[in-house]
A.B. asks: 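Dropping a structure here in structure tokens format, bear with me for questions.
All values below come from the heavy atoms of this structure, side chains included, with hydrogens, waters and symmetry mates left out.
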Amino acid sequence: MTRCLCTGAGGFVGSHLAERLVEEGHTVKAMVHYNALGSRGWLDESPLAEGMEIVAGDIRDPDCVRAAVKGCDVVYSLAALVGIPYSYQAPRSYVETNVIGTLNVLQAARDAGVGRVVHTSTSEVYGTAQQPFISESHPQMAQSPYSATKIAADKLVESFHRSFRTPVVTVRPFNTFGPRQSRRAVVATIIAQLLSGSGRLHLGNMTPTRDMNYIANTVDGFMLAGTVPGIEGRMINIGSGREIEIGELAVLIRR
């Protein structure tokens with residue numbers, strides 16, 4: 001079993017990944033964003049939190065990141081500022097967290113001789129789909145400051161692998177859903193409106209399609225990215241390869 005660091009462990013995907021690592025017997029250091037209330041995000045409600053070393057810090061602080069990375073074999077880098085709408089209001093915050101934060105992880109991992117870094121990207125880097133199914137070779141398009149910072153972070157990761165042979169794997173999850181997800185997400189929105197007793201759903205355009213993936217399946221992808229040999233330097237989409245219209249999704253959930 002390995003010594004793992006999971007940054008962003010208080011978040012939706014990060015908390016599930018940290019729990020899976022504990023369940024599979026790894027030594028887990030879970031890094032959560034420091035706040036004055038002492039909240040550890042979703043790990044406050046996790047029955048497996050006692051099996052982790054939970055450290056509070058800030059991905060933007062290189063000394064903090066260096067201390068967290070020390071002694072780890074694998075780093076799962078999930079800490080990020082997410083969400084498209086707020087990125088229009090505070091783009092600098094996204095640069096500082098998503099770009100500088102990624103640089104801090106890469107530098108610390110390189111200095112510490114970490115065996116592998118799993119970097120978290122997003123399907124948002126592809127922008128509007130130019131073909132029915134998006135492969136890793138699909139052109140990237142920055143349609144928001146958020147997606148621009150994720151593209152920049154991906155390129156930093158790529159450069160560290162090409163320049164310094166840093167052992168990195170980039171994963172791009174597609175539309176993960178499940179427990180702990182933000183109520184802003186489409187599946188959670190549909191469920192909440194149905195549970196409220198609303199006779200009519202208010203969802204906007206019902207024709208766009210999405211590749212929806214349950215959280216456990218996304219975590220499977222992260223685990224493989226951290227363990228499968230010989231995939232350093234690759235960028236890998238985590239998706240089902242199946243699309244569903246939002247309207248069809250709403251009908252399915254209602255049923």
A.B. asks: Heavy-atom distance under 4.5 Å between the side chains of Asp44 and Ser39, does that happen here?
C.D. replies: yes
A.B. asks: Side-chain heavy atoms nearer than 4.5 Å, only ILVMFWY residues, links allowed to pass through others: does that put Val171 and Val82 together?
C.D. replies: no
A.B. asks: Lys29 side chain to Cys4 main-chain N or O, any donor-acceptor pair under 3.5 Å?
C.D. replies: no
A.B. asks: Locate the shortest heavy-atom distance separating Val69 from Ala112; write the atom from each residue and the value.
C.D. replies: CG1-CB, 4.0 Å
A.B. asks: Decide side chain to side chain contact (heavy atoms under 4.5 Å, CB included) for Ile190 and Leu249; before the verdict, give the C-alpha distance in whole Å, the side-chain angles of both, and the deciding distance to 0.1 Å.
C.D. replies: CA-CA 9 Å; Ile190 294 170; Leu249 180 65; 4.3 Å; yes
A.B. asks: Step by step, work out the side-chain hydrogen bond (donor to acceptor under 3.5 Å, both in side chains) result for Thr2 and His26.
C.D. replies: CA-CA 5 Å; Thr2 57; His26 299 282; 3.0 Å; yes
A.B. asks: Please confirm whether the backbone N or O of Gly233 pairs with a side-chain atom of Arg162, one donor and one acceptor, at under 3.5 Å?
C.D. replies: no
A.B. asks: Check the angle between the aromatic planes of Tyr76 and Phe222 and answer parallel, tilted or perpendicular using the 30° and 60° thresholds.
C.D. replies: tilted
A.B. asks: State the OG-CZ distance between Ser93 and Arg60, to the nearest 0.5 angstrom.
C.D. replies: 7.0 Å
A.B. asks: Is the closest basic N to carboxylate O distance between Glu243 and Arg210 below 4.0 Å?
C.D. replies: no
A.B. asks: Test Arg172 against Asp154 for salt bridge (Lys or Arg N to Asp or Glu O under 4.0 Å), laying out the working first.
C.D. replies: CA-CA 10 Å; Arg172 294 186 177 129; Asp154 292 358; 3.1 Å; yes
A.B. asks: For the residue pair Ala79 and Thr7, what are the closest heavy atoms and their distance?
C.D. replies: N-OG1, 3.1 Å
A.B. asks: Quick check: is Met223 connected to Ile238 through a chain of hydrophobic side chains (ILVMFWY, heavy atoms under 4.5 Å apart)?
C.D. replies: yes
A.B. asks: Any side-chain to backbone donor/acceptor pair from Ser87 onto Ile84? Under 3.5 Å, distance only.
C.D. replies: yes
A.B. asks: Ignoring hydrogens and angles, state whether a donor on the side chain of Thr166 or His161 is under 3.5 Å from an acceptor on the partner side chain.
C.D. replies: no
A.B. asks: Would you say the side-chain atoms of Asn175 pair up with the backbone N or O of Asp211, donor to acceptor, closer than 3.5 Å?
C.D. replies: yes
A.B. asks: So do Val168 and Glu232 actually touch side chain to side chain, heavy atoms under 4.5 Å?
C.D. replies: no
A.B. asks: Does Asn237 use its side chain to pair, donor to acceptor, with the backbone of Ile134 at less than 3.5 Å?
C.D. replies: yes
A.B. asks: What closest approach, in Å, do Leu203 and Ala250 show between heavy atoms, and which atom pair accounts for it?
C.D. replies: CD1-CB, 4.0 Å
A.B. asks: Could you state whether Phe160 and Val65 fall into the same hydrophobic cluster, counting links through intermediate Ile, Leu, Val, Met, Phe, Trp or Tyr residues with side-chain heavy atoms under 4.5 angstrom apart?
C.D. replies: yes
A.B. asks: Do the side chain of Tyr86 and the main chain of Tyr146 share a donor and acceptor less than 3.5 angstrom apart?
C.D. replies: no
A.B. asks: Which is it for Val75 and Val118 under the side chain to side chain contact (heavy atoms under 4.5 Å, CB included) test, yes or no, and what are the steps along the way?
C.D. replies: CA-CA 6 Å; Val75 174; Val118 178; over 6 Å; no
A.B. asks: Does any part of the side chain of His119, heavy atoms only, come nearer than 4.5 Å to the side chain of Val169, both counted from C-beta?
C.D. replies: no
A.B. asks: Using 0.5 Å steps for rounding, measure from the CZ atom of Arg92 to the OG1 atom of Thr149.
C.D. replies: 13.5 Å
A.B. asks: Does Arg20 come within less than 4.0 Å of Asp220, counting only side-chain N to carboxylate O?
C.D. replies: yes
A.B. asks: Please lay out, stage by stage, how Val105 and Val117 fare under the test side chain to side chain contact (heavy atoms under 4.5 Å, CB included).
C.D. replies: CA-CA 9 Å; Val105 170; Val117 176; 4.3 Å; yes
A.B. asks: Check whether any side-chain heavy atom of Ile54 sits under 4.5 Å from a side-chain heavy atom of Val32, and report yes or no.
C.D. replies: yes
A.B. asks: Which pair of heavy atoms, one from Arg183 and one from Ala188, lies closest together, and at what distance?
C.D. replies: CA-CB, 3.9 Å
A.B. asks: Are Met52 and Val22 side-chain neighbours, meaning at least one heavy-atom pair lies under 4.5 Å?
C.D. replies: yes
A.B. asks: Identify the two heavy atoms, one from Met31 and one from Leu5, that lie closest to each other, and give their separation to 0.1 Å.
C.D. replies: CB-CD1, 4.1 Å
A.B. asks: Pairing donors with acceptors under 3.5 angstrom, does anything connect the side chains of Thr209 and Glu245?
C.D. replies: no
A.B. asks: Side-chain heavy atoms under 4.5 angstrom apart, residues restricted to Ile, Leu, Val, Met, Phe, Trp, Tyr: same cluster for Ile215 and Trp42?
C.D. replies: no
A.B. asks: Indicate yes or no: at least one non-hydrogen side-chain atom of Arg234 is less than 4.5 angstrom from one of Thr170.
C.D. replies: no
A.B. asks: What is the minimum heavy-atom distance between Gln143 and Gly127, and which atoms define it?
C.D. replies: OE1-CA, 3.2 Å
A.B. asks: Rounded to the nearest 0.5 Å, what's the gap from CD1 on Ile191 to CD1 on Ile253? Could you check?
C.D. replies: 5.0 Å
A.B. asks: Could you walk me through whether Gln181 and Thr176 satisfy the side-chain hydrogen bond (donor to acceptor under 3.5 Å, both in side chains) test, starting with their C-alpha distance in whole Å, then the side-chain angles of each, then the deciding distance to 0.1 Å, before giving a yes or no?
C.D. replies: CA-CA 8 Å; Gln181 186 179 28; Thr176 301; over 6 Å; no
A.B. asks: Does Arg180 count as lying over the ring of Phe12, i.e. NZ or CZ under 6.0 Å from the six-ring centre, within 45 degrees of the axis?
C.D. replies: no
A.B. asks: Report the distance from atom CG of Leu21 to atom CG of Leu17, rounding to the nearest 0.5 Å.
C.D. replies: 4.5 Å
A.B. asks: Does Asn98 use its side chain to pair, donor to acceptor, with the backbone of Lys150 at less than 3.5 Å?
C.D. replies: no
A.B. asks: Under 6.0 Å from the CZ atom of Phe177, do we count more than 12 heavy atoms belonging to anything else shown?
C.D. replies: yes
A.B. asks: Between His138 and Tyr126, what is the ring plane arrangement, given parallel below 30°, perpendicular above 60°, and tilted in between?
C.D. replies: perpendicular
A.B. asks: Passes side-chain hydrogen bond (donor to acceptor under 3.5 Å, both in side chains), Asn213 versus Thr218? Steps please.
C.D. replies: CA-CA 7 Å; Asn213 299 279; Thr218 296; 5.5 Å; no
A.B. asks: Please examine the side chains of Ser123 and Phe174, heavy atoms only from C-beta on, and report whether any two atoms are closer than 4.5 Å.
C.D. replies: yes
A.B. asks: Kindly say whether Gln107 contributes a backbone atom to a donor-acceptor pair with the side chain of Arg66 at under 3.5 angstrom?
C.D. replies: no
A.B. asks: Could you give the distance from CZ (Arg254) to CD (Gln193), rounded to the nearest 0.5 Å?
C.D. replies: 9.5 Å
A.B. asks: Say you draw a straight line from OG1 of Thr120 to CG of Leu78; how long is it, rounded to the nearest 0.5 Å?
C.D. replies: 3.5 Å
A.B. asks: With side chain to side chain contact (heavy atoms under 4.5 Å, CB included) as the test, would you mind laying out the steps for Asp73 and Val114 before giving the verdict?
C.D. replies: CA-CA 5 Å; Asp73 304 308; Val114 167; over 6 Å; no
A.B. asks: Less than 4.5 Å apart, side chain to side chain, heavy atoms only: is that true for Leu156 and Leu106?
C.D. replies: yes
A.B. asks: Is there a donor-acceptor contact under 3.5 Å linking the side chains of Glu124 and Ser144?
C.D. replies: no
A.B. asks: For the hydrophobic clusters of this structure (ILVMFWY residues joined by side-chain heavy atoms under 4.5 Å, transitively), does one cluster hold both Ile246 and Leu194?
C.D. replies: yes
